[in-house]
Amino acid sequence: MKLYPIMILAGWALAANAGQVSDPGNLSLHFDAPAKDWESEGLPIGNGQMGAMLLGMPGLVRIQFNEESLWLGDEDDTGKYQNFGDLTFRFGESKDTPQESGYRRSLDLANAIHRASWTQEGVTITQEAFASFPAKVIVVRWTADKPGALSGVLQLADAHGAKTVIEGDTMTIAGDFPGYTYDGGKQWLPLHREAQVRVLHSGGSVAAKDGSFMVDKADGVTLFLAAGTDFKQDRSANWRGVMPHTAIAARLEAATAKPYDELRSEHIRDYRRLFDRVALSLGGNAAPEIPTAARIKQYRGDQPDLGLEELLFQYGRYLLISSSREGGLPATLQGRWNDKNDPPWRCDYHTDVNVEMNYWMADVANLGECFQPYAAWIHSIRAVRTEATRKAFDGARGWTIRGESGLFGGSTWDWVPGCSAWLLQNSYDHYRFTMDKTYLRDLAYPAMKEVSEFWLDRLKPLPDGSLVTPTGLSPEHGPKEDGISFDMQLAWDVFNSTIEAAEILGVDKEFRDLLATKRDKIVKPKIGKWGQLQEWLVDRDDPKDDHRHTSHLIAVFPGRQISINQTPELARAAAVSLDARGVTGDSRREWAFAWRMALWARLAQGDKAHFMAGNLIQYSLHPNLFCTHPPFQMDGNFGYVAGVCEMLLQSHAGEIQLLPALPKAWPNGKVTGLRARGGFTVDIEWQDGKVTKYRLAAKEGQPVKVRMNGEVKTMSAELLK
Ligand code: FUC
């Protein structure tokens, strides 16, 4: 088959007028009924720092919101991510519930805008909402098709009971969480929070009454919401910075001084700069008329709705852009969205698969900037973790972590020693995609070195001179003992990557040689009695076990110790283990499906990877496309994106592979803008399962080995503009 590079894909280039609202086409979630249930029906918007869930019932709009740093917790205790508050607008002049009809609401992923409209008492009300990253505000606007038709009560409620104070056109809630004490009797400073809502209106009047705003016969009403705390991501400053009041007031001042359309264009331009980088077509039919919830119900494994698969892919990218932006904090177990003060699993950073999975897709799906908060958080907790590790592991150097972790480095639940190396696998991978040596030198490498030191101090010799990891836990499975495969594969991984990184940076020659000697002595992954890859040093895997974690396959994905080209027997054993875990029982978990998509993709089994995607859609999706474990967890949404990318493009093994695991269900398609390690941007078009066009671009146009359609070639990348 003749191959020719893609020139320009018409309509796929970044829109010239990126600030304009564009037609979302198929890239929209939509519903014909109000959202009552927060978790399964609400629609999320976010600007990284803040998140909001848009809900509604007849006559009542509810906007529940969060701010990234509103956490309880300290350096010992993970704590919990907190709800911030609720904004409500009860429409109508009387208290009786007005009848609504023609309800429509949508989440437009092309522009990151939520819209709703409904008719009540003969008036059609339209609502538009977005969360702007450049302006750091959430904006909600209501208009009506008749003048003077907007009346009702606007309220702001603090989730921790602070009173709403009104001054002029602004409602404010403010309070603090009392300081905690931790070991050593040190008193924590209280964490102060504040949120302000400014209300602008045209026509009619808005007046304060009993801590609410009474809207009377307005033509249009626009709310601007900003929130913050005095958290500072700096242990040496005791995790506290300046009081949030001044910054919030300034944001509202700046946002309300701009015309609405300008504020919205600025938001769209910022969002599309990231979102438009990747376009994916799997050959799905456009189905904008079918409500999203119905599409999920209709999805069948043997007749998959490819449009829904595309939508879920772009939804994951939308969610990461909305919950993880430069200068902020990483996406939690539920992204940025949480309506509880005692949320399931603390809505924290779980480190035994979840937070790592959140970030698998950041670089490959061309959202490298969204990785920054994760890198910054890892960096910020190093000193806390080092102290805790020294105490718990007989003075060991370096650091590790327990299963649950919070903003201030506090960590609870069982120790899972392999997890710090897992966090750093993400960190080093970010370098491999971006080739950003300053990041490698200043952020990733120092932590990689520390975690390598932890394992240098921990590894134990067996009588034959080989090395095992001492007492560890295969995440949430089996006994605590020596030689857990998860730990051994991760110790291998961090040594291997640290050696590479030190070479790239030209530092620590002796240390690097020591790591190489030790790495090669770590007991290799083992094949057990039924041909499986062993989860433990002891050959006790049960072929009937349906446990959700696949921790012993970490060397296949996201690791790189096992691959079908370099270690084919081990890859075959991994496939035996993965097949045995099945897709029912405990395996039926959203993140488990997402991980298995990527694992099967690394094992070049596109149909099996796609089968996992189908299971995720059929068994683990809420109507609003949030993944549910249950309950709602966002790792599956992010992990699904990583899984799709892994099916289309791989770059972990010293070459770029185009369509390494294409399923039969996707015979024709195209993808533009994915990223490959080495700093490449990749476009691929395919027909009848074969690559027909492709484009590789990089800043430096370096030669690269490319595998496609069963052949390997060395070629030069085009220069990236
Ligand atoms: C890990 C997983 C669970 C769940 C929790 C939030 O502990 O084992 O399945 O996803 O995180």
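FYI, the numbering just counts along the sequence from 1. Start at 1 and go down the list; that is how both ligands and their atoms are numbered.
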Numbering the atoms of ligand 1 from 1, which are under 4.0 Å from a heavy atom of Gln633? 4 (C), 6 (C), 10 (O)
If I take atom CD from residue Gln534 and atom OG from residue Ser577, how far apart are they, to the nearest 0.5 angstrom? 9.0 Å
If we only count N/O pairs under 3.5 Å, is Trp345 in contact with ligand 1? no
Pick from Glu476, His629, Arg346: the one approaching atom 7 (O) of ligand 1 most closely through a non-hydrogen atom: Glu476
List ligand 1 atoms under 4.0 Å from Leu333, heavy atoms only on the residue side. 6 (C)
Backbone, side chain, both or neither: what part of Asn354 comes under 4.0 angstrom of ligand 1, heavy atoms only? side chain
Interatomic distance, CE@Met53 vs CZ@Phe626, rounded to 0.5 Å, equals 4.0 Å
Would you give the length of the straight line joining atom CE of Met448 to atom CG of Leu423, rounded to the nearest 0.5 angstrom? 12.5 Å
Would you check whether His549 reaches within less than 4.0 Å of ligand 1, judged by its heavy atoms? yes
Apply the test side chain to side chain contact (heavy atoms under 4.5 Å, CB included) to residues Thr292 and Asn624: give CA-CA distance (whole Å), side-chain angles for both, the deciding distance (0.1 Å), then the verdict. CA-CA 7 Å; Thr292 308; Asn624 58 0; over 6 Å; no
Looking at ligand 1, does Arg589 have a heavy atom less than 4.0 Å from it? no
Using the side chain to side chain contact (heavy atoms under 4.5 Å, CB included) rule, take Ile527 and Gln532 through it: C-alpha gap first, then chi angles, then the decisive distance, then the call. CA-CA 6 Å; Ile527 300 176; Gln532 88 283 12; 5.8 Å; no
Of all the atoms in ligand 1, which lie at a distance below 4.0 Å from a heavy atom belonging to Asp352? 1 (C), 7 (O)
Under the side chain to side chain contact (heavy atoms under 4.5 Å, CB included) rule, what do Leu599 and Lys608 come out as? Steps first, then yes or no, please. CA-CA 10 Å; Leu599 283 166; Lys608 290 188 176 182; over 6 Å; no
Tell me which part of Asp635 gets within contact of ligand 1: side chain, backbone, both or neither, using heavy atoms under 4.0 Å. neither
